[in-house]
Amino acid sequence: MVYRKFKLPLDPSRLTDPKALARFRTAVHHAADITGVALADPVWREHTRSRSVIFYDTDEFDLYRNSFILRKRTRLSRGNSPHQEMVFKFRHPDRLMALRIDPRPAAEIPHILRFKEQVLPLGPNERGMRSIFWHGCKIFEPCNLQELPYGRLAAVFPTLRHLRVDPDARLKSVNGVIVDESLSEIGKLEFAERVTARAFCSFWSLKPGHRALAGELSFQIKYDLGKISNERLDGQSESLYLELQSRLAEWTIPGGTKVRELYRLYTDKKETGAGCIRQPGQAAEDAAIFSTDGAAHGPT
């Protein structure tokens, strides 16, 4: 299955305007019309999904400096228990390099493996596209990552064992913040070959204080390359993305992703070199950071 997610970074200060979402819908409608993409209104126009997101890393940002991302996302559903998922992924601008990294856990932990292309603007004041490929693993078991030793994490994810990181370095929430993510659907896009994608506007703010951090307009196409020709589909989705860049030029900001903005909150982290980590323990013991009975367990 092919996954391509198109992301357009937005100025978060503009998203606090109550009329912002309506303006985005208008811009997306016009861009879709020009590029021959159908756009249907969302079923629940005023519905906004809220999630809390916490990114984890060492004090020296060892994961991020080596192109790894580790996050936990929790969605609260009305009347239901919280839905939690953890994502561990490797990101790289080279597709083959990203494919070489295996993010799967060593222990028998239920997971979903996915390879995805993330399409971003070319650069400041430039109309174009660049790609980052990420190879990720999604786990739905409840987990406790705060203060987890790096050695325990590397025991669960073998691809981390070759990094020169202190095994006793503790994972902490990145820059000590929790991200509040608000996700509003713009509409449902329909491309060639009847491939559909939902367009979303997301807004990140920080706890405590609810400081605006980042915004983004995105849509993702997925299709089976064995059943669908990607030539027309890719061309149409890329044309829509470029048209959105032009129409929303005053709303967009140069730079990278929402994650990059989170890590750049504080820039006083120092580059360090550490010794090799110790050998991991048994898989059953290392998998104890996850729980199948709804209770989260920390390191022993």
Side-chain angles (χ1 to χ4, degrees), residues 1-12 14-15 19-43 45 91-96 98-99 114-136 183-203 214-261:
M1 189 67 71
V2 175
Y3 292 85
R4 298 189 81 197
K5 188 164 187 177
F6 295 80
K7 295 186 172 186
L8 191 60
L10 303 173
D11 182 352
R14 303 290 295 271
L15 298 182
K19 298 179 180 180
L21 206 56
R23 293 174 182 172
F24 278 116
R25 287 196 176 102
T26 300
V28 175
H29 268 287
H30 290 163
D33 287 341
I34 288 177
T35 54
V37 178
L39 177 64
D41 288 335
V43 176
R45 180 180 288 271
R91 308 189 304 169
H92 203 277
D94 185 276
R95 184 177 184 275
L96 293 179
L99 277 171
R114 186 168 293 171
F115 185 82
K116 183 182 295 187
E117 179 186 1
Q118 181 174 285
V119 182
L120 296 165
L122 188 60
N125 303 317
E126 293 184 87
R127 186 173 181 267
M129 299 176 296
R130 62 186 176 91
S131 291
I132 297 177
F133 299 90
W134 67 259
H135 205 179
L183 204 62
S184 301
E185 185 174 350
I186 301 297
K188 185 177 182 181
L189 301 162
E190 184 172 330
F191 298 93
E193 308 284 351
R194 294 189 176 182
V195 172
T196 61
R198 298 165 71 188
F200 289 99
C201 180
S202 61
F203 175 70
E216 183 180 270
L217 180 67
S218 67
F219 63 91
Q220 175 179 279
I221 59 173
K222 64 177 182 178
Y223 56 92
D224 187 338
L225 193 56
K227 298 179 180 179
I228 292 178
S229 173
N230 67 327
E231 184 175 350
R232 185 182 173 198
L233 180 58
D234 286 349
Q236 198 177 40
S237 57
E238 290 172 6
S239 294
L240 174 63
Y241 183 66
L242 292 174
E243 185 65 27
L244 286 170
Q245 282 189 34
S246 297
R247 290 185 174 273
L248 295 172
E250 62 178 12
W251 293 76
T252 58
I253 57 172
T257 63
K258 301 190 300 294
V259 176
R260 181 170 178 262
E261 294 303 314

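For reference, positions follow the sequence shown, starting with 1.
Looking at heavy atoms from C-beta onward, Lys7 lies out of side-chain contact with Ile132 at the 4.5 angstrom threshold. Inter-residue side-chain proximity for Phe24 and Leu10 is flagged as met; some heavy-atom pair is nearer than 4.5 Å. When side chains are defined from C-beta on, Leu15 does not count as touching Leu21, because their heavy atoms never get closer than 4.5 Å. Considering only heavy atoms from C-beta on, Tyr223 stays 4.5 Å or farther from Glu193 through its side chain. Leu8 places a side-chain heavy atom less than 4.5 Å from the side chain of Pro121.
Screening residues 225-235 for salt bridge (charged side-chain N to carboxylate O under 4.0 Å, His left out), with sequence neighbours left out, gives Arg4-Asp234.
The minimum heavy-atom distance between Glu117 and Ser131, with the atom names listed, is OE2-OG, 2.5 Å. Summarising the geometry of Leu240 relative to Ala32, their closest heavy-atom pair is CD1-N, 3.8 Å, with the distance given to 0.1 Å.
Taking the six-membered ring for Trp, His92 and Phe133 have ring centres at least 6.0 Å apart.
Aromatic ring orientation, Phe219 versus Phe6: parallel (interplanar angle below 30°, classes split at 30° and 60°).
Residues passing the side chain to side chain donor-acceptor pair (under 3.5 Å) test with Ser202, sequence neighbours excluded: none. In terms of the side chain to side chain donor-acceptor pair (under 3.5 Å) criterion, Lys5 has no residue partners (sequence neighbours excluded).
For the atom pair CZ of Arg25 and CG of Leu39, the computed distance is 9.5 Å after rounding to the nearest 0.5 Å.
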